[in-house]
Structures are given as C-alpha cells and as structure tokens.
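What follows is a set of notes on a single structure, which appears directly below.
Residues: numbered from 1 along the sequence shown. One-based numbering, in listed order, for ligands and for the atoms of each.
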Amino acid sequence: MVGTIAERAAPASGARGCRGADNALKKILVLNGPNLNLLGLREPTVYGSATLADVETLCRDTAARLGVAVECRQSNHEGQLIDWIHEAGAAQRAGQLLGLVFNAGAYTHTSIALADAVKGSSLTMIELHISNVHAREAYRHRSYLSGVAAGIVVGFGVDGYALAIEGLVRRTTARP
Ligand code: CA2
C-alpha cells in the first residue's frame, strides 16, 4: 500500500469539479470485497462479463464526468477492508473524501465487524450489489450493512457502480 487515501487524491488540473477548502479534488473510494477479483472470469450469468478492471475503468470515467476523483481497491480479507474503512473515515473527517461505494461481497451477509467499522467511522457509505440479492437465496436477503448505509444500489449489474458514484456525489455536494 503506497500512500493514504488523501495523499493519492490527485487533483485534475483545470477541471471544474468538487473541491475542498484546499482546492484539491474531492475523492470517492470504491471498495470491492471477497471474490470480486473474479468478476468476468466466472459465473457470467450472475455477474456479467465485465472484469474488475472494466469496473474500475467505469468508476474512473464516471468520476471524471462528475468532476471528482476516485480510488478503487479490492481485498479478500475482512481486516484489510476494516482498515481501509477507518482510513476513509479519517479522510472524510478531514474534508478530503466524499464517501465510500462498497460492494462487500458475501461479507455483506455475515460481517457485523464491517458494519461497526462504517458506523464507528461515521462514513457516508453507499452499499452496492451487482446482482439483485433479494431475488436470490434467502441468506443473501439479510445485509448487516444496509442499516449503516446512506443509500443502496442493487441489481443494476456493474452499471450500479456508476449509479452509486453519481448518487454519492449528488447526496454530498452542495448545489447553488
Ligand atoms: O451481487 C453482488 O454484487 C454480491 O455482493 C456479490 C457477492 C455475493 O456474495 C453477494 O451476495 C452479492 C459475490 C462476489 C463474488 O463474485 C464473483 C464473481 C465472479 C465469479 C465468482 C464470484
């Protein structure tokens, strides 16, 4: 891991966008949890054919269109995700981060620790699922994250990442 979320918020020169008091471009963090590195490689009937790299390109393009910066990370490890959430909370409190778009994968349905991390960090978090979890197995209907989410995007395929980023920007950006 090189640098913190804030250090890597590279401002885009000249672009009209969402800037903080120090004029740096504000950032959105996109976190993907366990097994999402397999996107596009297995189970295309459930999750589609886009790879994680394709998703990250979509996120970068969406962020550029909206005048914000984005950083995408993926981990298969719950503790790593918790550490990144804590870091994101600190960056949001420092005015450098708009919030988090979070596909926690199967941890959604099991992890009180991730929910506690989001709540404890006072982080603005959009919960995202590529598939419509409510049309799938009953164990996917429960989410520990929904109760600490500012919004939820479910079942739009990987387009949901663009929708979630736009929703987060609209929710957190003051308009004249
Ligand atoms: O629909 C989603 O985005 C999910 O968060 C994906 C999780 C699943 O456990 C949740 O219930 C819903 C699974 C991520 C695993 O992704 C794979 C992608 C391709 C091949 C295998 C797994």
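Taking CG of Leu123 as the start and CG of Leu97 as the end, the distance is 6.5 Å to the nearest 0.5 Å. Atom NZ of Lys26 is separated from atom OG1 of Thr172 by 7.5 Å, given to the nearest 0.5 angstrom.
Under the rule for a side-chain contact (heavy atoms from CB on, under 4.5 Å), the partners of Asn35 that lie at least two apart in sequence or sit in another chain are Leu38.
Taking both residues in full, the closest heavy atoms of Leu98 and Leu168 are given as O-CD1, 4.1 Å, listed atom of the first, atom of the second, then distance. Of all heavy-atom pairs between Gln92 and Gly99, the closest is OE1-CA, 3.7 Å.
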At less than 3.5 Å, what protein N or O atoms come close to the N or O atoms of ligand 1? Include the distances to 0.1 Å.
unit_1, atom_1, unit_2, atom_2, d
ligand 1, 1 (O), Ile130, N, 3.2
ligand 1, 1 (O), Ser131, N, 2.8
ligand 1, 1 (O), Ser131, OG, 2.6
ligand 1, 3 (O), Asn103, ND2, 2.9
ligand 1, 3 (O), Ile130, N, 2.7
ligand 1, 5 (O), Asn103, OD1, 2.8
ligand 1, 5 (O), His129, ND1, 2.9
ligand 1, 9 (O), Ala106, N, 3.4
ligand 1, 9 (O), Arg140, NH1, 2.9
ligand 1, 11 (O), His109, NE2, 2.7
ligand 1, 11 (O), Arg140, NH1, 2.9

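Between the side chain of His141 and the backbone N or O of Arg136, at least one donor-acceptor pair lies under 3.5 Å.
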